[in-house]
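Accompanying notes for the structure given below.
In what follows, every heavy atom counts, from backbone to side chain, and hydrogens, waters and symmetry copies are set aside.
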Amino acid sequence: FPSHDRGSESGESIEKLDNRTKNLALYHLIKSNELGYESAKYSINEVLGKGNVIKDSKYYLNEYSK
């Protein structure tokens, strides 16, 4: 079986989403992290890149509402 880099696949797949769907997905992901779910930290690093500044979940909810 071919080896895949999940991080790049996750990042690419979220970039393919329309802005509204992308912001809603990021809202839920960031909110999960804010609520203390450990798996969310790993997923955030995959999607947004390790070490990047992460905005508050409210930011993504506001962007979704536009």
Side-chain angles (χ1 to χ4, degrees):
F1 294 105
S3 173
H4 294 290
D5 178 10
R6 287 191 57 176
S8 65
E9 285 180 15
S10 296
E12 288 174 14
S13 62
I14 200 160
E15 291 303 320
K16 292 179 182 178
L17 299 173
D18 63 89
N19 282 338
R20 203 153 180 219
T21 304
K22 180 171 131 179
N23 283 313
L24 187 60
L26 289 170
Y27 165 76
H28 285 288
L29 181 59
I30 303 301
K31 189 66 174 180
S32 294
N33 183 53
E34 292 169 356
L35 293 172
Y37 289 93
E38 285 296 317
S39 61
K41 292 178 185 178
Y42 176 76
S43 297
I44 289 169
N45 287 337
E46 276 190 20
V47 173
L48 299 178
K50 190 172 183 173
N52 287 332
V53 175
I54 300 167
K55 297 177 182 174
D56 189 83
S57 63
K58 291 177 187 175
Y59 168 82
Y60 294 104
L61 187 59
N62 288 334
E63 289 296 308
Y64 170 78
S65 299
K66 288 184 178 179

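Rounding to the nearest 0.5 Å places NZ of Lys41 at 12.5 Å from CG of Leu29. Atom CG of residue Asn52 and atom CD1 of residue Ile44 lie 11.0 Å apart, to the nearest 0.5 angstrom. Taking CD of Glu15 as the start and NZ of Lys22 as the end, the distance is 4.0 Å to the nearest 0.5 Å. Put simply, CG on Asn23 and OG on Ser57 are 12.0 Å apart, with the number rounded to the nearest 0.5 Å. To the nearest 0.5 Å, the span separating OG on Ser65 from OH on Tyr60 amounts to 14.5 Å. Taking CD from Glu38 and OG from Ser43, the interatomic distance works out to 11.5 Å, rounded to the nearest 0.5 Å.
Applying the side chain to side chain contact (heavy atoms under 4.5 Å, CB included) test between Ile30 and each of Leu35, Asp56, Leu48 identifies Leu48 as the sole match.
In this structure, Tyr37 is not a member of the same hydrophobic cluster as Ile54, with clusters built from ILVMFWY side-chain heavy atoms closer than 4.5 Å.
Judged as a salt bridge (Lys or Arg N to Asp or Glu O under 4.0 Å), and not counting sequence neighbours, Lys50 has no contacts. Residues passing the salt bridge (Lys or Arg N to Asp or Glu O under 4.0 Å) test with Lys55: none are found, sequence neighbours excluded.
Within the 4.5 Å cutoff, no side-chain heavy atoms of Leu17 are placed close to those of Leu24.
Counted by atom type alone, Tyr42 and Glu46 present one or more donor-acceptor pairs between their side chains at under 3.5 Å.
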